[in-house]
Novice: 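Here it is, the structure, as structure tokens.
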Amino acid sequence: MAATYECEPTLSDTQVLEFCKRGYLVLEGVVEEDINSRTIKFLDSRPSSEPTEILQETWFLEGVIENPAAAGAVRSLLGKGFGLPILVSNHRAVCPQPAQEWHVDGGSKYGPELQYLQVFYYPEECTRELGPTEVLPGSHHFH
């Protein structure tokens, strides 16, 4: 079972409703640049598609996972004592690469209650040329 985390919620009611309508929320620039640089250096030194060991790094845990804005947003959506991640995926690739077809990421869950989130963290700029993740607003309502 995943460890849980407790913090104060940071989203307004309007932001929560916008998330429910759109299916996503973007928090720009909430992680400090030195943490982003350390993350990139860590990932460069471990070219794994699942560098989950980064969750053992105190600087990553405090700077990204427990980041007040990000964790507060998750708390606003999932409630008290939400579970911390047990897996980290790294989708950095040498481009150009062929585009993926539209798909639903594994682990997505459907239902009337919000009990699960996929959280994406981009420690470096994702330009169109690098093939950033594209989100289809409202697609979370499709089954």
Side-chain angles (χ1 to χ4, degrees), residues 1-44 46 48-93 95-143:
M1 180 170 196
T4 60
Y5 187 68
E6 185 55 52
C7 63
E8 292 298 315
T10 57
L11 299 182
S12 67
D13 290 346
T14 300
Q15 289 172 306
V16 170
L17 289 172
E18 281 298 308
F19 173 84
C20 293
K21 181 173 78 174
R22 287 191 202 139
Y24 70 95
L25 170 71
V26 176
L27 301 174
E28 299 225 17
V30 299
V31 175
E32 294 181 22
E33 195 52 45
D34 66 312
I35 299 296
N36 291 333
S37 296
R38 282 183 88 171
T39 301
I40 292 165
K41 187 175 179 178
F42 184 96
L43 296 175
D44 285 344
R46 295 164 180 83
S48 167
S49 63
E50 289 187 352
T52 303
E53 65 273 11
I54 198 169
L55 293 173
Q56 304 305 312
E57 300 290 334
T58 302
W59 58 266
F60 185 81
L61 187 66
E62 293 173 355
V64 178
I65 304 299
E66 296 174 357
N67 175 282
V74 172
R75 163 59 172 87
S76 297
L77 298 169
L78 294 181
K80 292 182 179 182
F82 60 87
L84 293 175
I86 58 171
L87 173 72
V88 172
S89 296
N90 180 9
H91 296 293
R92 297 163 77 214
C95 291
Q97 292 272 334
Q100 290 185 1
E101 298 293 325
W102 279 105
H103 66 279
V104 175
D105 283 343
S108 295
K109 298 179 181 180
Y110 298 100
E113 296 178 14
L114 181 61
Q115 298 176 343
Y116 175 83
L117 290 174
Q118 289 194 13
V119 179
F120 295 81
Y121 162 57
Y122 300 96
E124 59 190 341
E125 183 179 3
C126 289
T127 63
R128 185 167 194 79
E129 293 76 29
L130 292 177
T133 297
E134 191 168 355
V135 175
L136 181 60
S139 62
H140 62 296
H141 294 296
F142 305 150
H143 294 279

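Counting from 1, the numbers follow the sequence of the chain as shown.
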Novice: Decide if atom CG of Asp13 counts as having more than 12 heavy atoms of other residues, nucleotides or ligands within a radius under 6.0 Å.
Specialist: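 No, the 6.0 Å shell around CG holds no more than 12 heavy atoms from other groups.
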Novice: For Glu6, check salt bridge (charged side-chain N to carboxylate O under 4.0 Å, His left out) against everything at least two apart and list the hits.
Specialist: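 With neighbours one apart ignored, the set is Arg75.
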Novice: Rounded to the nearest 0.5 Å, how far does CD1 of Ile35 lie from CD of Glu33?
Specialist: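 The distance works out to 10.0 Å.
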Novice: For the residue pair Asn36 and Tyr121, establish whether any side-chain heavy-atom pair is separated by less than 4.5 Å.
Specialist: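 With C-beta onward as the side chain, the pair touches.
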Novice: Look at the side chain of Ser76 and the backbone N and O of Pro9, then say whether any donor-acceptor pair between them is shorter than 3.5 Å.
Specialist: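 Such a contact is absent between Ser76 side chain and Pro9 backbone.
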Novice: Given 3.5 Å as the limit, does a donor-acceptor pair link the side chain of Thr4 with the main chain of Phe82, or not?
Specialist: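 Not a single qualifying donor-acceptor pair exists.
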Novice: Could you tell me if the side chain of Phe19 sits less than 4.5 Å from the side chain of Leu77, heavy atoms only?
Specialist: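 Yes - at least one pair of side-chain heavy atoms lies under 4.5 Å apart.
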Novice: Take atom CD of Glu8 as the centre, draw a 6.0 Å sphere, and report whether it contains more than 12 heavy atoms from other residues, nucleotides or ligands.
Specialist: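 Open: at most 12 neighbouring heavy atoms sit under 6.0 Å from CD of Glu8.
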Novice: Report, as yes or no, whether the 6.0 Å neighbourhood of atom CD on Glu18 holds more than 12 heavy atoms from other residues, nucleotides or ligands.
Specialist: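 Counting neighbours around CD of Glu18, more than 12 heavy atoms of other residues, nucleotides or ligands fall under 6.0 Å, so yes.
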Novice: How long is the gap from CG on Leu27 to OG1 on Thr10, to the nearest 0.5 Å?
Specialist: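 Answer for the CG-OG1 pair, Leu27 versus Thr10, is 7.5 Å.
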Novice: Rounded to the nearest 0.5 Å, how far apart are CG of Leu84 and OH of Tyr5?
Specialist: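 The distance works out to 8.0 Å.
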Novice: Would you tabulate the side-chain donor-acceptor contacts of residues 54-74 under 3.5 Å, counting partners in other chains and residues two or more places apart, or write 'none'?
Specialist:
from, atom 1, to, atom 2, distance (Å)
Glu57, OE1, Trp59, NE1, 3.2
Asn67, OD1, Ala69, N, 3.0
Asn67, OD1, Ala70, N, 3.1
Asn67, ND2, Val30, O, 2.9
Asn67, ND2, Gly63, O, 3.4

Novice: Any idea which heavy atoms bring Glu50 and Ser48 closest together, and the distance?
Specialist: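 Shortest heavy-atom separation between Glu50 and Ser48 comes out as N-OG, 2.9 Å.
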